[in-house]
Amino acid sequence: MRWIVTCAWPYINAVPHLGTLVQLVSADVYARCMRKLGEEVLFVSGSDEHGTPIEVEALKRGISPKDLTDRMHRYFCKLIDLFGISFDNYTRTESPVHIKFVQDFYLKVQKNGYIFVEESEQLFCPEDEMFLPDRFVEGTCPYCGYEKTTGDQCEKCGRLLTPTDLINPRCAICGSSPKLKKTKHWYFDLPRFEGHLRSYIEKHEALPQNAKSMSLSMIDEGLRSRAVTRDNRWGIPAPFPGSEGKTIYVWMEAVLGYVSAVKEYFERRGCPEKFDLFWKDPDTRSVYFIGKDNIPFHTIILPALLMASQEGYVLPYNVSSTEFLNYEGDKFSKRFRRGIWMDEALLLLEADYWRYYIISTRPENKDANFTWEDFEAKINNELNDVLGNFVHRVMSFLASRYNGIVPNADLDEESSDFLERCLEVAKRSISYIERFMLKEALKEAMSIAREGNRFFNEREPWRDVKVNRSRSDTTLIASTQAVKIISHVIEPFLPFTAEKLWRMLNLEGDPHSTTFDDMRIMLRSGHTIGYVKPLFEKVSAEELKTRLERIRREIKSEFLLEETS
RNA sequence: AGCGGGGUGGGGCAGCCUGGUCAGCCCGCCGGGCUCAUAACCCGGAGGUCGGUGGUUCAAAUCCACCCCCCGCUACCA
């Protein structure tokens with residue numbers, strides 16, 4: 001089986017916060033796990049850099065959109081690397097391969113008869129010389145009289161609006177009053193795929209229930225055609241004859257990045273023919289880690305586009321969507337500086353602390369809440385006390401009483417039962433990952449350390465080492481082996497910790513390229529371990545908050561890591 | 001407003017599809033044990049009748065109806 005693992009393309013109008021990290025880490029855990037199962041995996045994503053918000057942001061800064069996204073993309077690549085997200089290709093929507101792919105793709109869709117043209121009237125700002133998306137028109141709500149509502153939905157009374165409903169409409173960018181102007185757009189004939197989409201979704205067992213029911217109810221309500229083009233300047237030029245000056249709507253091109261990123265990967269490696277093997281072979285499964293807000297783009301728009309191309313692309317195998325991560329009971333907010341941003345996080349603690357927290361609070365069924373108190377508790381009482389301490393008590397015992405050398409003894413029944421249990425738990429953890437239940441999988445992985453602590457306690461090797469040496473030999477062999485098992489099982493979640501364990505155990509190779517099967521291989525007696533050092537340290541929420549405030553005060557650059565590195 | 005998801009001991013969650021053997025897990029709390037280990041580890045205990053109301057059933061957290069609260073989407077924000 002081949003796998004294409006992806007997550008939603010981060011929109012890079014600003015440095016992303018921990019919410020974005022949920023999708024990145026989730027996808028990474030899955031990709032790493034699949035690799036260690038010996039599967040063929042391609043893990044891709046990229047920066048989503050077109051669209052109005054970026055155009056506006058660039059306008060505000062007085063630079064070109066390309067300059068803005070060049071810089072953001074570079075910075076983002078750095079963050080991804082520091083968080084240990086193991087992309088095979090992290091690209092961007094400005095990639096020439098992507099641009100050409102999207103243009104060719106839509107010409108093909110048009111040739112297949114799924115594109116039509118229609119004229120409509122839209123608000124246009126003469127000052128900025130651009131058509132305004134609904135969100136970028138402000139005005140007074142005709143229902144409740146709220147004066148600062150936007151053109152899609154009233155922020156006060158919640159009623160749905162169209163921008164032309166607004167009293168005194170204003171351009172949200174410059175404040176001048178927009179005029180109605182005629183414009184022509186190219187539409188994707190989505191309703192024609194209702195039947196195919198319905199049967200795809202109904203028959204597709206792997207799709208989770210939430211994605212299914214939401215998508216089916218949308219189809220039941222009736223799908224509408226969607227405009228493919230926009231009047232934006234910043235974006236991929238629309239390829240249709242007569243569409244000069246228009247660009248492709250960001251969402252209608254960003255979802256195709258999942259395909260183009262694979263194409264780019266193989267072209268770069270000089271084997272473009274492998275692209276078909278990944279995207280057109282029924283033995284390939286594609287999985288998407290996304291937030292709940294964009295399920296329909298992955299269960300409806302993307303499959304419909306793939307169908308419309310008639311290229312035989314494989315349809316999404318699973319769309320694993322999470323709810324939202326909030327911050328201390330509120331939404332993350334850049335404006336109010338509420339939340340934690342990815343670069344700030346790295347200045348406070350190493351990536352694995354965050355990876356652990358992110359997965360253990362992964363909002364799989366309902367919104368989750370980051371609180372400093374919870375963060376401190378999880379890091380200290382679980383990561384530190386359960387995992388860190390188990391590893392450390394075993395390794396330091398081996399170092400101080402055995403000179404760091406794995407002793408020679410046979411396993412007794414109790415200790416081989418223990419190792420059998422560890423392997424079973426490991427297997428369960430892996431199977432939870434395969435079923436996209438990452439939170440549960442991490443819990444299982446941690447419970448190996450829990451088993452280990454119990455085993456070590458019951459066997460009391462500190463007593464045996466004086467009076468019954470051969471029994472404590474056995475205890476240590478089994479316990480050290482459990483540490484080795486942990487180094488495998490934890491790798492998808494905590495890759496940096498897995499590396500540390502690897503070096504501490506003085507194993508050959510690295511924990512990333514060996515398969516899970518290797519965890520069964522016993523450490524040889526006489527093997528010398530590398531070094532012993534606590535894996536983690538405890539954190540103090542108060543201290544972290546103070547440090548964060550200082551960082552925000554002292555580092556003026558928007559790119560924190562560039563100034564400090 | 002419509003649609004989708006959620007509401008389970010002090011906190012965080014699982015169970016619900018396929019009704020009984022489910023009230024389970026982690027943290028915290030209380031008591032005990034141990035001393036190899038980062039005052040870490042192990043064992044035991046207290047604490048919930050599963051948002052509300054009504055219904056189906058021999059039996060409901062689990063199915064049905066209505067209601068309340070939170071989140072998201074509703075197609076030109078991404």
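A, B, ... follow the sequence lines: proteins, then strands. Residue 1 opens every chain. These values consider heavy atoms only, across backbone and side chains, with no hydrogens, waters or symmetry-generated copies.
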Of the nucleotides B:rA78, B:rG6, B:rA37, which has the atom closest to the A:D48 side chain? B:rA78

Euclidean distance for P, B:rG5 against B:rC16 (whole angstrom): 15 Å

Students often get this wrong, so: under 4.0 angstrom with heavy atoms, is A:E440 touching a base, only sugar-phosphate, or nothing? nothing

If I pick the C1' atom on B:rC69 and the same atom on B:rU8, what distance separates them, to the nearest angstrom? 16 Å

For the side chain of A:R135, starting at C-beta, report the closest nucleotide among B:rU35, B:rU8, B:rC77. B:rC77

Measure centre to centre between the rings of A:F375 and A:F370, then say whether the value is under 6.0 Å. yes

Could you tell me how far B:rC30 sits from B:rA40 if I compare only their P atoms? Round to whole Å. 13 Å

Less than 4.0 angstrom from a charged side-chain N to a carboxylate O is my criterion; do A:K378 and A:E373 meet it? no

Taking CZ from A:R459 and P from B:rC36, how many angstroms apart are they, rounded to a whole number? 18 Å

Please state the P separation for the pair B:rG52 and B:rG11 - nearest whole angstrom. 15 Å

Distances under 3.5 Å only, N/O to N/O: pair up the protein atoms with those of nucleotides 71-73 of chain B.
{"unit_1": "B:rC71", "atom_1": "O3'", "unit_2": "A:K331", "atom_2": "NZ", "d": "2.9"}
{"unit_1": "B:rC71", "atom_1": "O2'", "unit_2": "A:K292", "atom_2": "NZ", "d": "2.5"}
{"unit_1": "B:rC71", "atom_1": "O2'", "unit_2": "A:D367", "atom_2": "OD2", "d": "2.6"}
{"unit_1": "B:rG72", "atom_1": "OP1", "unit_2": "A:K331", "atom_2": "NZ", "d": "2.4"}

Pairing partner of B:rA61, by Watson-Crick or G-U wobble and under 3.5 Å for both distances, is none

Using the side-chain heavy atoms of A:K443, tell me which of these nucleotides is nearest: B:rC26, B:rU35, B:rA75. B:rC26

Please indicate whether A:E119 has more than 12 foreign heavy atoms, meaning atoms of other residues, nucleotides or ligands, lying under 6.0 Å from its CD. yes

Does a sphere of radius 6.0 Å around NZ in A:K427 hold more than 12 heavy atoms from other residues, nucleotides or ligands, not counting ones at 6.0 Å or beyond? no

Stacking of A:F397 on B:rC36 base (centres under 5.5 Å, planes under 30°): no

Look at the rings of A:Y187 and A:H185 and say which category their plane angle falls in: under 30° parallel, 30 to 60° tilted, over 60° perpendicular. perpendicular

Show your working on salt bridge (Lys or Arg N to Asp or Glu O under 4.0 Å) between A:E364 and A:K439 and close with a plain yes or no. CA-CA 8 Å; A:E364 294 184 351; A:K439 193 157 61 167; 5.3 Å; no

Measuring to OP1 and OP2 of B:rG11, would you say a side-chain N or O of A:T371 lies under 4.0 angstrom away? no

Roughly how far apart, to the nearest Å, are B:rC26 and B:rU21 at atom C1'? 24 Å

Which whole number of Å gives the distance between the P atom of B:rG10 and that of B:rG6? 22 Å

Name the residue closer to the 5' end of RNA chain B, choosing between A:S400 and A:M437 according to the nucleotide with the nearest heavy atom. A:M437

Sugar-phosphate or base contact per nucleotide [nucleotides 38-44 of chain B; S, B, -; heavy atom under 4.0 Å]: B-SBBS-

So which nucleotide does B:rA37 pair with, by the Watson-Crick or G-U wobble rule with both distances under 3.5 Å? none

What integer number of Å spans the C1' atoms of B:rC50 and B:rA23? 8 Å

Return no unless some side-chain N or O of A:Y187 is found under 4.0 Å from OP1 or OP2 of B:rA75. no

Decide whether a cation-pi geometry holds between A:R230 and A:Y249; the criteria are a distance under 6.0 Å from NZ or CZ to the six-membered ring centre and an angle within 45° of the ring axis. yes

In whole angstroms, how far is the C1' atom of B:rA37 from the CG atom of A:L476? 13 Å

In whole angstrom, give me the gap between the C1' atoms of B:rG2 and B:rU18. 31 Å

Determine, step by step, whether A:W9 and A:Y90 satisfy the ring pair (Phe, Tyr, Trp, His ring centres under 6.0 Å) criterion, reporting the C-alpha distance in whole Å, the side-chain angles of both residues, the deciding distance to 0.1 Å, and the verdict. CA-CA 9 Å; A:W9 288 40; A:Y90 183 83; 7.3 Å; no

Which one is paired to B:rU49, where only Watson-Crick or G-U wobble pairs with both distances under 3.5 angstrom count? none

Can you check side chain to side chain donor-acceptor pair (under 3.5 Å) on A:K246 and A:T183, steps first, answer last? CA-CA 10 Å; A:K246 296 184 191 288; A:T183 182; 3.1 Å; yes

For B:rG4, which nucleotide is its Watson-Crick or G-U wobble mate, given both distances must be under 3.5 Å? B:rC71

Face-on cation placement of A:R401 at A:F397 ring, 6.0 Å and 45° thresholds: yes

Proximity to the side chain of A:P133 - top-ranked nucleotide from B:rC77, B:rA75, B:rA78: B:rC77

Could you tell me whether A:Y249 contacts a base, only the sugar-phosphate backbone, or nothing, with contacts defined as non-hydrogen atoms closer than 4.0 Å? base

Categorize A:G222 for me: base, sugar-phosphate, or nothing, with a 4.0 angstrom heavy-atom threshold over every strand shown. base

Between B:rG4, B:rA75, B:rC36, spot the one nearest the side chain of A:L190, thanks. B:rA75

Evaluate the ring planes of A:W186 and A:F240, with Trp represented by its six-membered ring, and classify them as parallel (under 30°), tilted (30 to 60°) or perpendicular (over 60°). parallel

Between C1' of B:rG5 and CG of A:L216, the distance in whole Å: 15 Å

